[in-house]
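Worksheet: one structure, shown below.
Reminder, nothing fancy here: chain letters follow the sequence lines and each chain counts from 1.
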Amino acid sequence: MTASSAGADETASTAPDQPPARSDGRSDFTRLPPTIDLPATEQAILELWDDIDAFEQSVQQRPADDEYVFYDGPPFANGTPHYGHLLASTTKDVVPRYWTMRGHRIHRRWGWDTHGLPVEMKVEEALGVRGPAEIEEFGVAAFNEACRALVDQTADDWDYVVRRLGRWVDMDHPYRTMDTDFMESVWWVFDQLWDKGLVYRSVKVLPYSWGATTPLSNFEANLDYRMTDDPSIVVRMPVVAGNDTVPDGDDLLIWTTTPWTLPGNLAIGAGRDVTYARVRVDDDGTTRHQWLATDLVETVLPDGDVVATASGADLLGVQYQPPFDHFGEERDRGAFRVLAAEEVETDEGTGLVHMAPAYGEIDFLTLREAGLDVLIDYVDADGRFTELVPEVAGVNIKEADSTLLRLLGDAGLVVSSGTINHSYPFCYRTGTPLIYKAVPTWFVEVTKLRDRLVELNHDIHWVPEAIGEARFGNWLEGARDWAVSRNRYWGSCIPVWECEACERQECLGSIDELEERSGQRPDDLHKHVLDPITYPCPDCDATMRRVPEVLDCWFESGSMPYAQLHYPFDNVEQFEATFPAEFISESLDQTRGWFYTLHVLSTALFDSPSFRNCVVSGMILAEDGRKMSKSLKNYPDPGHLFDSYGADALRAYMMDSPLLRAEPLRFSEAGVRQIVRTVLLPLWNVVSFFTTYAEADGVSMADLAEAPAPADRPEIDRWVLSVLQSLVADVNREMEGYHLNRVVTPVLGFIEDLTNWYVRRSRRRFWRSGDVERADTLAAFATLYESLTTFARVLAPVLPFLTEHLHQVLEVAVDDDAPKSIHWTDFPQADESLIDTELESAMATVRSIISMGRHLRTSNDLRVRQPLRTLTVITRDPDVAAAVASHAGLVTDELNVREVVVRADEGELVSLTAKPNFRVLGPRLGAEMGAVAGGVAALSHEDLAAVADGGTVEVAGHELGRDDLDLRRDPNPGTVVEASGPLAVALDTTLDRELEVEGLARDLVSRIQQVRRDLDLDVSDRVVVGWASDDEQVREAFARHGDQIASEVLAVEITADDPTADVEVDCGVGPVSVSVTPVD
RNA sequence: GGGCCCGUAGCUCAGCUUGGUUAGAGCGCACCCCUGAUAAGGGUGAGGCCGAUGGUUCAAGUCCAUCCGGGCCCA
């Protein structure tokens, strides 16, 4: 796959009409075909990297004392990689590759998130056990070992994909959250929080399955929603201590679908801003006044009369009589009052919310917010009422509904009663209805850290910036305490031991501490190993047992900076030298995930952020705008993309997308294909072009070394080198700012400049048989060589494969001292001395003139081969005039005109018109803008010409100068003129015999070249051309332009009236035949 | 329900921070050119009530409000 100089010998050409090369005439380069099999090339590069140990070397070659720290955010070790992972892996590869090339040593250690519910669920499925009860019956030890085995076996899929993508990361020495060292550090982290008083145990209202006698995760709770019938009742609660708005004896109406929670009612929630109505109802001769949200009067009390309204705020504090009076003593602690609740809905129910804090999270939080630290839980683990509610003690809560309803009815409290058919969660394992129930839970007191979290967030450079301010910042400001315990099995354990008798609690921070207490030193810290380890209570000598919960696996992810190094038990110096990380990157969904937990833990432990730069990427959607879905098959298989287009294309496609601005991308295979067509193939074509002519011309590295210095090269060379150096400066600036999405677009622009302008304009200079100076040829080769090698390095982080291939072909193959991989080289730094902004802008002007000239040719049906006399550029802008003057040859050549002239006055070709410069005049004129705009439109060409020359004109009482107007040039009717901005170009379309014959000569060249191609001649083969024609113009063309034709088609001789001329060619004139015979 | 984000040409996206009157690019499409990069290359053209409505302003794709559709996270 790499070019070797050995194969170049036999094809070196020695053109007879050229001075001998100063080298031995042999090229160091071997011609490469214009087509390339990108996937196959990438495979070969992968092997090359293995052979030279490219990744490891790229790290080791950089100084150990100049480390750049990157943290890998671990993927869950289950399932196979999807596009989100490919995106993350690309970002996590591009940035470290760049900073490596900038001279830093970057260890890139892969991480595996091994714990948590997804793994457990998979194992449950595989083992055929479902839910906690069955797991415990099956045996926690066996279950956990099955989880461990599953994690071990998922690594292989990843290995292939990550390698194929070209990501350099050490997967042989990953950190894994299930390794004992990692888990011990997690203990240490937890113990630090404990010592700082940031850990407490409280309760959290969770989905609970009485069938499985266990709380479930939200994920599990969502697994089995069913439509089901439940009671739907409205109950009145009489006011016993009202206020100015709500008199004693009025009723507050609440609605519930869970009558079993009514005995637990401790408060009623009202929305402060909700409007409530006092409704008079006459029922069986009794008149009642009942309160509910105004919006719901129609629905709940259609026969009532609204007699008053009040806002929710007016209801607060009103005391009422609960429907079951088992916990009356709670009134002294603030219960049975109307409290302010958030998010009160008024589209169903009554707008007054029944609150049973043990059985609803909102209820719990609302009461706590109001300072009511009360919790009544009368439901046992099996879902039965306890003795706290004697009427139904021992009865399943759902089955008690009818009894409770009857009791309420007897008490005259039921306002309405019916059933509702709604979606309700069921236990995915036992099929029993889920309830919400307060469960003991461990918390980290994040609220105490909140201010510091917000402050330290200001030290983090977020890309895009708004994420840090808005999304993450808001989240931090609203942070609540973090529930870190899970009632599960496969995870790090909460390292708290508790005395059975006296409830003494001890948090252990290391295995050493465990050994001190218990005399045991386990080599594994999973639940099934730890739970049997007990020790006597230092206070009362009873047994200390570990609390049963495991840790939220996000706690481990957030502990990763410490735990991956087994800090503080090992690597203390290394940790201190490398914390916090320079760079991390994940997608938007990690705002509340990894980004958050990293930040919370490092703030708590070290009062520091844990990362300095964070690139947040968007979510990848399928092409139809929906989520990528395996069942819908609405996205291409990554393997198919690798095989069809290669990893470089996929990488560049993702980098050059809204994803790097944290916006969603509709993933499209066509987009990947487009990268191949617009980036990879054109770039490769240039390489092929270079090697083809370097070989044909026998250009060697020694020759390139003799090329003129850049400052002494032709303008087109200096231009492309200037553009390239500007690009280098831009790319460095954007990479330093982590704006990865701003890298590919300017790169595309350079490819356009290089291929469609530099190579196209310079093509003849590479062709030694042409009539060009040796120095000029070498300047062109050297410029193109330098451009390609520099450009390859600029692109190396994004396109590691193709650029490596270029490096091998253009550098390694010709220079024994070249670094063996492009990824071992240094990233280019802009050479300011090569940047000539005036030249760049002059060239841009000239290109725009040429583009306008082409337009004129097209619209007047004049083929480019037909020479024309004159192109006139009309401009009053001295910069434009200067640009044309210094590039006149370029314009005449590109547009095939004899001369280009510049003039300032528009004459009869163009009329000046103007629009107001709104940006300038708007603020000055305000409402008069409209009148002035009308006046400006009516200005004459002469008025405007005066303004264009620096004068002024009065419009609607305002003096307007050149900066106040936006001058345009409109072609006058009947002219061949194109106008844009400060200039116009006019084409003289007059043809005469001389021009026509010259055009014909060019056509003849083109036709003869086609014959050469048909004969499969090599680009440097010499020929004898014969021709025969009676056409007068043809004879004249050969007579007057024969030398030129011969030179163009490499004819050593042209024979007129050749009887062997038998190839008919069509030049739009009389019949012509030619013959082309190679000579050797 | 809340926070953040997206909605511009058939498709994928610029432009929105800092409002300025002719809204750009690429792909696709149509037509043309070139034929010594050739299973390439170049040019030209058609194609848009800038998600909707209301507001601010001399002026709104751009700012504000509401709504609709989609996404992520949270409830």
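- With a 3.5 Å ceiling on both atom-pair distances, B/rA40 lacks any Watson-Crick or G-U wobble partner.
- Across all strands shown, A/Val1049 has heavy atoms under 4.0 Å from base atoms, whether or not it also approaches the sugar-phosphate.
- Residue contacts for A/Arg1002: at a heavy-atom cut-off of 4.0 Å it reaches no nucleic acid atom on any strand shown.
- When atom types are taken as modelled, the side chain of A/Ser644 and the backbone of A/Leu641 share no donor-acceptor pair closer than 3.5 angstrom.
- Rounded to whole Å, the distance from CG on A/Leu788 to C1' on B/rA37 is 13 Å.
- A gap of 11 Å separates the P atoms of B/rC64 and B/rG19, to the nearest Å.
- The partner of B/rG45, taking Watson-Crick or G-U wobble pairs whose two distances both stay under 3.5 Å, is B/rC29.
- We find that CZ of A/Arg760 is positioned 11 Å from C1' of B/rC33, with the value rounded to whole Å.
- Taking atom P on both nucleotides, B/rU53 is separated from B/rG61 by 12 Å, rounded to a whole Å.
- Rounded to an integer number of Å, the gap from CG of A/Leu588 to C1' of B/rG3 is 11 Å.
- Residue A/Ser1006 is classed as a sugar-phosphate contact, given heavy-atom separations below 4.0 Å to backbone atoms only.
- A close approach under 4.0 Å does not occur between any side-chain nitrogen or oxygen of A/Thr35 and OP1 or OP2 of B/rU38.
- Pairing partner, B/rC72: B/rG3, with both Watson-Crick or wobble hydrogen-bond distances short of 3.5 Å.
- One interatomic measurement links the two molecules: OH of A/Tyr596 to P of B/rC4, which rounds to 18 Å at whole-angstrom precision.
- Aromatic pair A/Trp475/A/Tyr596: centroids less than 6.0 angstrom apart.
- Per the geometry, CZ belonging to A/Arg854 stands 11 Å off C1' belonging to B/rC34, to the nearest Å.
- Partner assigned to B/rU66 is B/rA52, using Watson-Crick or G-U wobble distances below 3.5 angstrom.
- Between B/rG20, B/rG3, B/rC34, one nucleotide has an atom nearer to the side chain of A/Asn474 than all others, and that is B/rG3.
- Annotation: A/Trp462 is in aromatic contact with A/Phe595 [ring centroid separation under 6.0 Å].
- Straight-line distance between the P atoms of B/rA59 and B/rG10: roughly 30 Å, to the nearest whole Å.
- Rounded to whole Å, the C1' atom of B/rC67 lies 32 Å from the corresponding atom of B/rU22.
- B/rG3 and B/rA65 are spaced 11 Å apart, taking the P atom of each and rounding to whole Å.
- Of the candidates B/rC34, B/rA37, B/rC58, the closest approach to any side-chain atom of A/Met929 belongs to B/rC58.
- Among the protein residues, A/Arg673 comes within range of no part of the nucleic acid, since none of its heavy atoms lies under 4.0 Å from any strand.
- Rounded to a whole angstrom, the distance from the P atom of B/rG15 to that of B/rU8 is 14 Å.
- Pairing of B/rC13, defined by two Watson-Crick or G-U wobble distances under 3.5 Å, is identified with B/rG24.
- For the P atoms, the distance from B/rG45 to B/rA25 is 10 Å, rounded to whole Å.
- Base pairing of B/rG19 is not made with any nucleotide, judged by Watson-Crick or G-U wobble geometry with both donor-acceptor distances under 3.5 Å.
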Can you list the steps and then say if A/Val616 with A/Cys614 is a side chain to side chain contact (heavy atoms under 4.5 Å, CB included)? CA-CA 6 Å; A/Val616 184; A/Cys614 181; 4.0 Å; yes
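- Residue A/Val864 places its side chain closer to B/rC33 than to any other of B/rU38, B/rC33, B/rA37.
- In terms of phosphate contacts, A/Arg471 brings no side-chain nitrogen or oxygen within less than 4.0 Å of OP1 or OP2 of B/rC5.
- Taking only side-chain nitrogens and oxygens, A/Arg677 never comes nearer than 4.0 Å to OP1 or OP2 of B/rA39.
- Within 4.0 Å of A/Tyr693, counting heavy atoms only, lie sugar-phosphate atoms of the nucleic acid but no base atom.
- Side-chain contact of A/Asn860 with A/Thr989: a donor-acceptor pair under 3.5 Å is absent, judged by distance alone.
- With ring centers used as reference points, A/Tyr653 lies under 6.0 Å from A/Phe667.
- Rounded to whole Å, atom P of B/rU44 lies 7 Å from atom NE2 of A/His855.
- Per the geometry, CG belonging to A/Leu659 stands 14 Å off P belonging to B/rU12, to the nearest Å.
- When each of A/Phe690, A/Tyr758, A/Phe750, A/Tyr785 is tested with A/Phe791 by the rule ring-ring contact (aromatic ring centres under 6.0 Å, His included), just one qualifies, namely A/Phe750.
- Across all strands, A/Gln1010 comes closer than 4.0 Å only to sugar-phosphate atoms, never to a base (heavy-atom distances).
- Each of B/rU38, B/rA37, B/rA75 was ranked by its minimum atom distance to the side chain of A/Phe689; first place goes to B/rA37.
- Looking at A/Glu361 and A/Lys204, a side-chain N of the basic residue comes within less than 4.0 Å of a carboxylate O on the acidic one, giving a salt bridge.
- Comparing A/Trp757 and A/Leu365 by the nucleotide of RNA chain B that holds the closest heavy atom to each, the one mapping nearer the 5' end is A/Trp757.
- Among the heavy atoms of the strands, none lies under 4.0 Å from A/Ser587.
- Using C1' as the reference atom, B/rC49 and B/rA9 are 14 Å apart when rounded to the nearest Å.
- Spacing between atom CZ of A/Arg857 and atom C1' of B/rG42 amounts to 14 Å, rounded to whole angstrom units.
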